[in-house]
Every structure is written in structure tokens, then in C-alpha cells.
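Just so it is clear, the values below take in all heavy atoms, side chains as well, and ignore hydrogens, waters and symmetry mates. First listed ligand is number 1; within each ligand, the first listed atom is number 1.
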Amino acid sequence: MKLSPGKIAFITGGASGLGLGMAKAFLERGMGVAVADVMPDHLEAARSELADAGPCHFIRLDVTDREGFARAADEAEEALGPVSVLCNNAGVGALGATQDSDYRDWDWVMSVNFGGALNGVQTFLPRMRQRGAGHIVNTASIGAVLPGPGGAAYLTSKAAVLGLSETLYCDLHGQGIGVTAILLGPTASNIHKVSKHRPDAFSGTALAAREVESGDAPLLMAGMEPVEAGRKVLDAVEADQLYLFTHREFRHGVQQRLDAIMTGFGPDEGGPPATTCYGFPTFNPVFGEIVEASRKS
Ligand SMILES: NC(=O)c1ccc[n+]([C@@H]2O[C@H](COP(=O)([O-])OP(=O)(O)OC[C@H]3O[C@@H](n4cnc5c(N)ncnc54)[C@H](O)[C@@H]3O)[C@@H](O)[C@H]2O)c1
């Protein structure tokens, strides 16, 4: 989708880190931006930072609140106009191994990272379909395709966000609505201060205690500048790109993981590819099209 001046983006978790970086990149282009975030102090800081940057509207929204999401969508469209680009970006990063995580860690992380993205899709997709145009950007993580130890709930939630993006891309193919999944690498943000957002219902866990202890450690401050990542997102939306990797450094690792998955088939015995198996198609032409288009570009 061409992101011409005047188009409107709605960004969850838009008041900090990557969300704020995407807001800046869209505003540089002359677009209007609805910045939705659960943290009032983040919203206030973003309001001052973006004061002269262009048309912005700031909304307090917890992405797990479905009715609140619908109200926020109405408010944004009333203030700025129809939303063309939805960025499901809000995320929390409770990190810990499966054996150290309890239901409260899983429920919090899945409800914000995956549930929030799903709520965004459910809220905005009907509006986009009615207009026959739009683009949905979902912030996953490089960890969605290159998982490692110690990120059980977080990496699972991001793999789910990638799955949602891919199925959505297939379902909307050819209908004028694009989808981009951001496989984000290390980016300077406030995600290490995550304990501030943990609602009481999900508190009191061993991981939560660890988050409080490491609360202000500037773990990711040496990462990519959020606005640089935001400009990459803008380019990916314009190129109608399904997968956006922000950090090339992970290329080899991702390739190795894909190769590792293929070992599950056993040795390649050759022969022509079948086209159905028990009535199911054995390939999806959408992926062939993506590969073909990237060879031509
Ligand atoms: N920073 C990184 O290195 C990195 C890497 C991979 C993926 N990510 C993902 O990028 C996205 C943005 O994170 P960031 O690193 O910029 O962190 P950040 O903490 O700086 O920004 C996230 C924003 O989301 C908001 N938020 C949290 N819970 C919310 C909720 N329930 N409803 C609405 N807003 C909520 C926070 O208030 C915050 O302003 C997240 O999805 C994160 O998982 C970040």
C-alpha cells in the first residue's frame, strides 16, 4: 500500500520504543497517527515528543480490553479519519524458562502479545474490508523463528503472532488488504521495565519478582534506533511485504533453524512433488509467489 500523506495509522503500544519509532516514521511521511497505549506516563511523554511532528491523537487503551479497543477505533477515526494501517505492536516481555513460568506469566503474556494483536484484527479488519483497503502490521520478534532457552511464554506468543499474520495474509490475498509480520531484532526500548505494566491479577510469580529486580537494567538500549526500525516498517508496508526482518545479523541462525525443521522429513528421496495428500493440498502457492516476487525485485 502506498503510504501517501494524509493516510492514518493506529499503533498500539505506540507511546514507547518501536511503536513510537513507527509513529515518527509515519509522521515524517505526512501521515496522521493514533497513538494507543496503556501507560499514561508513556502517553504524556510521547505527546510532548510528537508535539510538532504532525497530526496525532493519543488514546489510553489496554489491548486486552475488547470493548475498549472498539471505542478507541471509533475515537481515532472520528479524530483523524479512516485508519489505513493498523500496527498491533503492544507487547510485554516476561522472560523465563517453561519450568519457571506459572499460569499467571503465560496468561499475561499471551493475552497482551497474542490476544492484543487478535483484538486489533477483530476490531479493524471489518472496517478495512468494508473499504476494500488497508494494511495490518503485527510486531512479532526474531525469536518467533529463532527461539532459544529462557523465553517460553514470550517466544510462544510471538510465534502465535507470526502464525496469525501468515494465515491472515493467505485469507486476505488479492483483496486489497496487506499484512506484514515484523521479525524484530534488538531495538532500544523500555521493554526491560516491563514490571510496571503487570496487572495485579498476574503478579506474585517468580518471574515477576525477577522483573522487579532487573527493572531498570538498560538491557536493550544499545539496540537499533526505533525510528530506523520504523522506517523499515514503512518500506515493508509499501512493498506489501509479509516478512520483515530488521536485523540481517540473524540470517544464518534462521536458515539453520529452517534446515533443522526440514530434517523432520528424513532424507530427500526425490520424485515429483505430490499435489494433494488425503485431500489436503501439499503446498501453498502464496509462498511460491513471495519467493518469485523477491527474485524479480
Ligand atoms: N525491543 C526489542 O528488542 C524487541 C525485540 C523483539 C520484539 N519486540 C516487540 O516489539 C514490540 C514493542 O516493544 P518495545 O521493545 O518497543 O517495548 P516498549 O516497552 O518500549 O514499548 C511497548 C509499549 O507497549 C505498551 N503496552 C504494554 N502492554 C500494553 C497493553 N496491554 N495495552 C496497550 N499497550 C501496552 C507499553 O506501555 C509500551 O509503551 C513488543 O511487541 C515487543 O515484544 C521488541
Side-chain angles (χ1 to χ4, degrees), residues 10-25 34-47 49-50 58-66 68-69 72 87-95 107-120 123 137-148 151 153-162 164-165 180-199 201-202 211 215-230 232-233 244-247 249-250:
F10 183 104
I11 308 174
T12 69
S16 174
L18 175 67
L20 187 57
M22 290 192 282
K24 289 178 182 169
V35 173
D37 204 291
V38 73
M39 294 294 290
D41 56 334
H42 289 190
L43 282 167
E44 274 323 299
R47 192 193 292 275
E49 202 171 336
L50 299 178
F58 297 86
I59 303 172
R60 174 116 197 257
L61 169 68
D62 179 343
V63 292
T64 66
D65 172 2
R66 292 175 175 161
F69 221 131
C87 299
N88 288 312
N89 168 74
V92 290
L95 295 179
D107 289 347
W108 181 45
V109 171
M110 292 302 289
S111 66
V112 175
N113 294 8
F114 174 68
L118 181 62
N119 294 342
T123 303
V137 176
N138 295 325
T139 305
S141 164
I142 187 66
V145 286
L146 191 51
Y154 181 72
L155 299 181
T156 303
S157 73
K158 293 302 184 178
V161 169
L162 177 60
L164 173 68
S165 309
T180 296
I182 314 174
L183 290 313
L184 189 72
T187 301
S189 79
N190 287 309
I191 204 162
H192 54 288
K193 297 178 187 166
V194 71
S195 56
K196 279 203 293 180
H197 320 298
R198 215 185 239 254
F202 304 115
E211 282 154 23
D216 274 334
L219 287 178
L220 290 165
M221 292 322 275
M224 181 178 280
E225 272 304 307
V227 69
E228 187 185 342
K232 288 177 191 278
V233 174
L244 168 63
F245 286 94
T246 51
H247 292 59
E249 294 90 328
F250 292 93

Per-atom contacts, ligand 1 versus [X] - under 4.0 Å to a heavy atom:
| X | result |
| --- | --- |
| Y154 | 6 (C), 7 (C), 8 (N), 9 (C), 42 (C), 43 (O) |
| M39 | 37 (O) |
| L18 | 16 (O) |
| T139 | 9 (C), 10 (O), 11 (C), 41 (O) |
| P186 | 3 (O) |
| G17 | 16 (O), 20 (O) |
| H197 | 36 (C), 37 (O) |

Tell me whether [X] has any N or O atom under 3.5 angstrom from an N or O of ligand 1.
| X | value |
| --- | --- |
| S189 | yes |
| S141 | no |
| V92 | no |
| I142 | no |

Close side-chain approach of [X] and [Y], heavy atoms under 4.5 Å:
| X | Y | result |
| --- | --- | --- |
| V233 | T180 | no |
| T187 | H247 | yes |
| F114 | T156 | no |
| H197 | H42 | yes |
| V112 | V63 | yes |
| V161 | T139 | no |
| S111 | T64 | yes |
| F10 | I59 | yes |

* Asked: Taking N113 for the side chain and S157 for the main chain, is one N or O donor matched with an acceptor at less than 3.5 Å?
  ->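 Not confirmed, N113 side chain does not pair with S157 backbone.
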
* **Heavy-atom donor-acceptor pair, T12 side chain to N89 backbone, under 3.5 Å** => yes

Can you tell me if [X] has a non-hydrogen atom under 4.0 Å from ligand 1?
| X | value |
| --- | --- |
| G185 | yes |
| K158 | yes |
| S111 | no |
| T64 | no |
| G93 | no |

Have a look at [options] and point out the one with the heavy atom closest to [atom].
| atom | options | value |
| --- | --- | --- |
| atom 34 (N) of ligand 1 | T187, V38, D62 | V38 |
| atom 11 (C) of ligand 1 | V112, N113, N89 | N89 |
| atom 33 (C) of ligand 1 | T12, L61, I59 | L61 |

* side-chain contact (heavy atoms from CB on, under 4.5 Å) with E225: which residues, sequence neighbours excluded? -> E228

* Structure fact -> R66 meets the side-chain contact (heavy atoms from CB on, under 4.5 Å) criterion, sequence neighbours left out, with N119

* To do: Indicate, as side chain, backbone, both or neither, the part of P226 found under 4.0 angstrom from ligand 1 when only non-hydrogen atoms are considered.
  =>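 Contact part for P226 vs ligand 1: neither.
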
